[in-house]
Amino acid sequence: PIAISKLSVGTARKMKIASYWKTPRTLEKEGIYHPFLLSSKPKTILEKEVKKVCNLTHHPLLTERLAEIAYRTVHSGFWIGENKCNKKRGDTPICKICGEIETVTHTFCLCKKAQPLWDSILKWWKKRTGEDLPGSQRVVLLGLREDDPDDIDAEDTQFSELTLPFTYLRTHTIDTLKRERQRIINGLEVRTNKELELLTLREIQKSANALYSAAKEWDKWNPPKEDKHTTNPRTMTSFMEAWVHSGLAIPTKSASLPIIL
């Protein structure tokens, strides 16, 4: 035990505030440890799944905003859920589209508004990369692109260069659904699935151009060395492998739009 008399006022105050913390029930229900999202296989496979999800959430090239979206999706950290709405303010836990109880899983994966968008986005993804992904909760919420837990290491050899692009695709799609949900709550006009798809691809286009510019600047100040066996993910070589050689993007000669999806 710590002697309270030896603590500073600030430290004692922080300890007092921390003692009031309680884990939200939605986090316990829908977080990363939810059994239907992760496998019921041996502990070694489960540990690999959790590690991979954490690495995707904290990817070094993911922007701060998209990293927060990925983190909140995994941990059910959005202000969505039956125990998170402010009923005194008039909030409701009922989905305005489906009429079912809202959860993070429902809003971003199972909702009638979410499913068609994922179908369109994943169809576009398959057309460009050749990778056929199901719209399962493991894929769209956690980013585990192998739907069978036994294939947890398959991504390391096949389509491994697509890890970053798919993370951007997934988080931008979730962000589109999040903003569309807020529009519906505010009583604004509901957009069509095609409009949402174009909006998502437009945001991915912006991210790809930003990554291209960052890679170009990185190579300018850190000239690539031929004797290195590993490639830094920030280099232009890594960018070209992930976005261009994979079939996702086409380089142009325009300075304002160097990459076209």
Side-chain angles (χ1 to χ4, degrees), residues 52 55-70 73 108 116-135 139-146 154-180 191 193-224 228 230-261:
K52 180 167 285 190
N55 289 339
L56 293 174
T57 305
H58 299 90
H59 197 288
L61 291 183
L62 204 59
T63 63
E64 184 178 350
R65 185 176 69 87
L66 294 180
E68 182 179 1
I69 291 174
T73 302
F108 299 132
L117 180 59
W118 283 116
D119 290 342
S120 301
I121 291 295
L122 293 178
K123 184 178 180 181
W124 175 87
W125 177 266
K126 180 183 178 181
K127 182 179 179 181
R128 290 299 183 92
T129 66
E131 185 180 23
D132 189 9
L133 294 175
V139 173
V140 302
L141 297 181
L142 300 185
L144 296 174
R145 284 155 50 210
E146 61 295 319
E155 187 185 342
D156 297 333
T157 56
Q158 187 179 20
F159 301 112
S160 58
E161 73 279 0
L162 295 175
T163 299
L164 179 63
F166 184 73
T167 303
Y168 269 92
L169 181 84
R170 184 171 62 88
T171 49
H172 274 307
T173 305
I174 291 173
D175 186 40
T176 298
L177 291 169
K178 175 175 170 287
R179 286 186 285 172
E180 182 65 13
R191 289 177 287 196
N193 184 67
K194 188 63 178 179
E195 290 175 327
L196 295 178
E197 179 186 359
L198 293 176
L199 176 63
T200 303
L201 294 178
R202 193 180 304 125
E203 292 300 319
I204 299 171
Q205 171 81 67
K206 294 178 183 178
S207 295
N209 285 330
L211 288 171
Y212 176 88
S213 300
K216 188 176 181 180
E217 193 69 17
W218 177 272
D219 280 2
K220 177 181 177 181
W221 295 100
N222 302 274
K228 296 190 68 175
T230 58
T231 305
N232 191 301
R234 293 179 172 83
T235 63
M236 182 60 71
T237 301
S238 297
F239 175 86
M240 296 296 287
E241 182 180 359
W243 293 89
V244 178
H245 298 162
S246 63
L248 280 173
I250 301 174
T252 68
K253 296 182 180 180
S254 171
S256 60
L257 194 66
I259 293 294
I260 295 179
L261 293 180

Check: L196 main-chain N/O paired with E180 side-chain donor or acceptor under 3.5 Å: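 Side chain of E180 to backbone of L196: no pair is present.
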Any donor-acceptor N/O pair, R234 side chain to W218 backbone, under 3.5 Å: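 Such a contact is absent between R234 side chain and W218 backbone.
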Kindly give the heavy-atom pair with the smallest separation between [X] and [Y], and that separation in Å.
{"X": "V244", "Y": "P251", "answer": "CG1-CD, 3.7 Å"}
{"X": "F166", "Y": "V139", "answer": "CZ-CG1, 3.7 Å"}
{"X": "Y168", "Y": "L61", "answer": "OH-O, 2.6 Å"}
{"X": "T73", "Y": "I69", "answer": "OG1-O, 2.7 Å"}
{"X": "E241", "Y": "E161", "answer": "O-CG, 3.6 Å"}
{"X": "A242", "Y": "L248", "answer": "O-CD1, 3.9 Å"}

Non-neighbouring partners of W118 that pass ring-ring contact (aromatic ring centres under 6.0 Å, His included), sequence neighbours left out: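 W118 satisfies ring-ring contact (aromatic ring centres under 6.0 Å, His included) with no residue once adjacent residues are dropped.
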Residue pairs, two or more places apart or on separate chains, that pass salt bridge (charged side-chain N to carboxylate O under 4.0 Å, His left out) and touch residues 119-128: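 Those involving residues 119-128 are K126-D132.
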How long is the straight-line distance from [atom2] of [Y] back to [atom1] of [X], given to the nearest 0.5 Å?
{"X": "L169", "Y": "L201", "atom1": "CG", "atom2": "CG", "answer": "7.5 Å"}
{"X": "R170", "Y": "R145", "atom1": "CZ", "atom2": "CZ", "answer": "10.5 Å"}
{"X": "L211", "Y": "L164", "atom1": "CG", "atom2": "CG", "answer": "6.0 Å"}
{"X": "H245", "Y": "M240", "atom1": "NE2", "atom2": "CE", "answer": "4.5 Å"}
{"X": "N55", "Y": "T163", "atom1": "CG", "atom2": "OG1", "answer": "10.0 Å"}
{"X": "L133", "Y": "L122", "atom1": "CG", "atom2": "CG", "answer": "6.0 Å"}

Partners passing side-chain hydrogen bond (donor to acceptor under 3.5 Å, both in side chains) against S120 (at least two apart in sequence or in another chain):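 In terms of side-chain hydrogen bond (donor to acceptor under 3.5 Å, both in side chains), with neighbours along the sequence ignored, S120 is linked to N193.
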Summary of side-chain hydrogen bond (donor to acceptor under 3.5 Å, both in side chains) pairs that have at least one residue in residues 57-67, sequence neighbours excluded: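 Of all non-adjacent pairs touching residues 57-67, those that pass side-chain hydrogen bond (donor to acceptor under 3.5 Å, both in side chains) are R65-D175.
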T176 and T200: side chain donor to acceptor below 3.5 Å: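 Yes, side-chain donor-acceptor contact under 3.5 Å.
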S238 side chain to T235 side chain, donor-acceptor N/O pair below 3.5 angstrom: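 Result is yes, a qualifying pair exists.
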K194: partners by salt bridge (Lys or Arg N to Asp or Glu O under 4.0 Å), with sequence neighbours left out: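 So K194 forms a salt bridge (Lys or Arg N to Asp or Glu O under 4.0 Å) with E197.
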Salt bridge (Lys or Arg N to Asp or Glu O under 4.0 Å) partners of E68, counting only residues at least two apart: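 With neighbours one apart ignored, the set is R72.
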Test log, rule side-chain contact (heavy atoms from CB on, under 4.5 Å), inputs L199 and E195: CA-CA 6 Å; L199 176 63; E195 290 175 327; over 6 Å; no
Parallel, tilted or perpendicular: ring planes of W243 versus F239, cut at 30 and 60 degrees: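 W243 vs F239 ring planes: parallel.
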V140 and T173: CA distance, side-chain angles, deciding distance, side-chain contact (heavy atoms from CB on, under 4.5 Å) verdict: CA-CA 9 Å; V140 302; T173 305; over 6 Å; no
